[in-house]
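Note sheet for the following structure.
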Number of protein chains: 2
Amino acid sequence: MTPATPLESPLPDRSKPTIRSAKEQLILDAAEKVFAELGFKGATTSEIALRAGIPKANLHYYFPTKEALYRAVTENVLTAWLAAASSFDVNDDPAEALAAYIGAKMDMARTDPLGSKIWASEIMRGAPVIEDFLHTTLATWLASREAIIQSWINKGLIVPMQPRYLIYLIWAATQHYADFDHQITALNGSAPLDDAAFTTAKTQLITTLLRGVLNVAKSDT
Amino acid sequence: MTPATPLESPLPDRSKPTIRSAKEQLILDAAEKVFAELGFKGATTSEIALRAGIPKANLHYYFPTKEALYRAVTENVLTAWLAAASSFDVNDDPAEALAAYIGAKMDMARTDPLGSKIWASEIMRGAPVIEDFLHTTLATWLASREAIIQSWINKGLIVPMQPRYLIYLIWAATQHYADFDHQITALNGSAPLDDAAFTTAKTQLITTLLRGVLNVAKSDT
DNA sequence: ACAAGAATTGACCATTTGGTCAAACTCATA
DNA sequence: TATGAGTTTGACCAAATGGTCAATTCTTGT
């Protein structure tokens with residue numbers, strides 16, 4: 001077979017990762033912050049370049065358009081989302097599976113609030129970029145988890161309910177700590193929640209939701 | 001925060017309401033939509049004027065700056081928020097008070113999703129306009145409701161918990177249906193939730209949360 | 001009817017912003 | 001060291017945008 005030389009862009013994954021990918025990551029990190037703070041429209045390429053410490057023209061060398069850069073940032077957000085989503089499946093017991101998923105989403109809200117904000121912002125402007133994801137990967141994931149929850153309901157482990165509204169509740173409750181962290185900080189005396197407070201919030205959320213949906217035969221606590 | 005009486009316009013509230021206030025309302029309605037869809041930065045005065053069916057210069061006659069218009073829209077959002085907040089106090093029974101408040105917030109998410117989106121957008125960009133509200137009215141409201149919930153806990157009506165995280169949970173869960181309505185619509189087969197589905201979501205949310213926090217002595221179902 | 005204030009609007013302007021470009025610089029390798 | 005691909009960057013441009021303004025057209029009280 002022919003060596004199949006690519007036309008324009010070669011495969012610089014291993015060849016020269018130091019220069020290009022390092023710079024790309026630098027830009028992506030700055031872009032994530034700016035997009036999260038200002039939204040797609042509010043973010044400017046000059047501001048992103050400024051925060052990355054490079055001239056704007058250099059940014060456009062790596063990402064030809066603002067939208068291309070935004071799409072790249074968005075990809076990372078979706079990747080992180082999928083990682084957290086997998087924690088739903090590690091256990092067959094509803095209490096443990098739900099606790100793991102809620103916990104993972106809470107940890108993500110704490111670790112990567114920017115990603116959650118970008119997601120929220122993207123949804124609120126009509127999801128022009130991730131629309132496809134919503135109808136494919138996300139819809140599929142939701143359907144399969146609905147089936148799992150439904151099986152728990154059928155087994156009498158979970159109170160009868162519409163599973164999808166439980167999922168929405170989990171998404172809402174967890175992402176709130178990322179998307180509205182400014183409000184939460186303001187209501188916390190202008191100081192962000194410390195680790196102890198956040199752990200309390202996380203534990204309490206899990207407790208409340210499990211109490212709300214688990215069909216207890218006898219609680220041991 | 002002061003109501004910010006316009007610089008030029010005197011007090012034409014009752015004297016000549018037909019012309020000015022009607023036009024202002026027309027603009028405010030258009031502005032609410034555009035700000036909700038595009039955020040503060042993304043919204044343009046020309047777009048707002050276009051949707052209001054008037055020339056841009058006419059818009060600037062009533063609202064000198066984009067920020068002044070945004071502030072006016074925001075005032076309405078806060079007013080609506082306070083209206084829903086009052087439903088917390090209509091009852092001494094925790095189950096009824098919480099159900100009323102959750103229901104009111106859900107109805108608001110359904111009736112005025114734009115207001116919720118503007119709130120979310122404003123918080124996510126750091127709340128430059130409503131910051132004062134957060135530290136005064138909202139903080140006070142939160143503190144007093146925390147006290148109420150705490151009294152319920154002391155009476156053994158509510159499970160021991162940090163009341164504020166319950167409030168956050170309610171805010172998150174209800175506003176989610178407004179802020180993320182696009183996502184919910186997408187996951188509903190590209191059709192918005194109909195009234196029946198929304199009622200189910202609302203009822204289920206109330207049921208789940210009450211189950212999660214009420215200290216039942218004996219259930220009657 | 002008419003004067004005066006209120007309202008309307010097309011034309012215009014300064015600034016911002018996404019994006020371009022050509023010249024210059026770096027650096028590994030033949 | 002010469003070469004050429006890859007990288008950097010200041011200068012620049014067209015379009016978009018918030019806002020202004022003077023001229024014109026209503027409304028309304030007398």
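Predicted model, so just to flag it, every value in this text is computed and none were measured. Chain naming here is simple, since letters A, B, ... match the order of the sequence lines and numbering starts at 1 in each. Values below: every heavy atom of this structure, side chains too, minus hydrogens, waters and symmetry copies.
- Counted by atom type alone, Tyr168(B) and Gln183(A) present zero donor-acceptor pairs between their side chains at under 3.5 Å.
- A donor-acceptor pair under 3.5 Å links the side-chain atoms of Lys66(B) to the main chain of Phe40(B), judged by distance alone.
- Whole-Å rounding puts the Asn58(B) CG to dC26(D) C1' distance at 12 Å.
- Atom pair Tyr61(B):OH and dT9(C):P shows a separation of 12 Å (rounding to whole Å applied).
- Across every non-hydrogen atom of Lys105(B) and Gln175(B), the tightest pair is NZ-NE2, 3.1 Å.
- If you take CG of Leu59(A) and C1' of dT17(C), they are 13 Å apart, rounded to a whole angstrom.
- OP1 and OP2 of dG6(D) both lie 4.0 Å or more from every side-chain N or O belonging to Arg20(A).
- The nearest whole Å value for the distance from the CG atom in Leu50(B) to the P atom in dT17(D) is 12 Å.
- Between dG18(C), dC21(C), dG18(D), one nucleotide has an atom nearer to the side chain of Thr44(A) than all others, and that is dG18(C).
- Between Thr45(B) and dG18(D), a side-chain N or O to OP1/OP2 separation shorter than 4.0 Å is present.
- Residues Gly53(A) and Gly42(B) each lie close to DNA chain D; by heavy-atom proximity, the contact nearer the 5' end of the strand is made by Gly53(A).
- Checked against a 6.0 Å centroid threshold, the rings of Trp81(A) and Trp141(A) count as neighbours.
- Straight-line distance from the NZ atom of Lys66(A) to the P atom of dA16(D): 14 Å, rounded to whole Å.
- Rounded to whole Å, atom C1' of dT20(C) lies 9 Å from atom NE2 of His60(A).
- Toward the 5' end of DNA chain C, the nearer of the two residues Ala57(A) and Ser46(A), judged by each one's closest nucleotide, is Ser46(A).
- Rounded to whole angstrom, the span from the NZ atom of Lys23(A) across to the P atom of dT26(C) amounts to 13 Å.
- Residue Ala43(A) is in sugar-phosphate contact alone, with no base atom involved, counting any heavy-atom pair closer than 4.0 Å across all strands shown.
- At a threshold of 4.0 angstrom between heavy atoms, the contacts of Tyr62(A) are confined to the sugar-phosphate backbone, with no base atom among them.
- Put simply, NZ on Lys41(B) is 10 Å from P on dT16(C), counting in whole angstrom units.
- In plain terms, the two heavy atoms of Trp119(B) and Leu134(B) that are nearest each other are CZ2-CD2, 4.4 Å.
- Not one side-chain nitrogen or oxygen of Thr65(A) sits closer than 4.0 Å to the OP1 or OP2 atom of dG18(C).
- Taking side-chain N and O atoms only, Lys56(A) has no distance below 4.0 Å to OP1 or OP2 of dC21(C).
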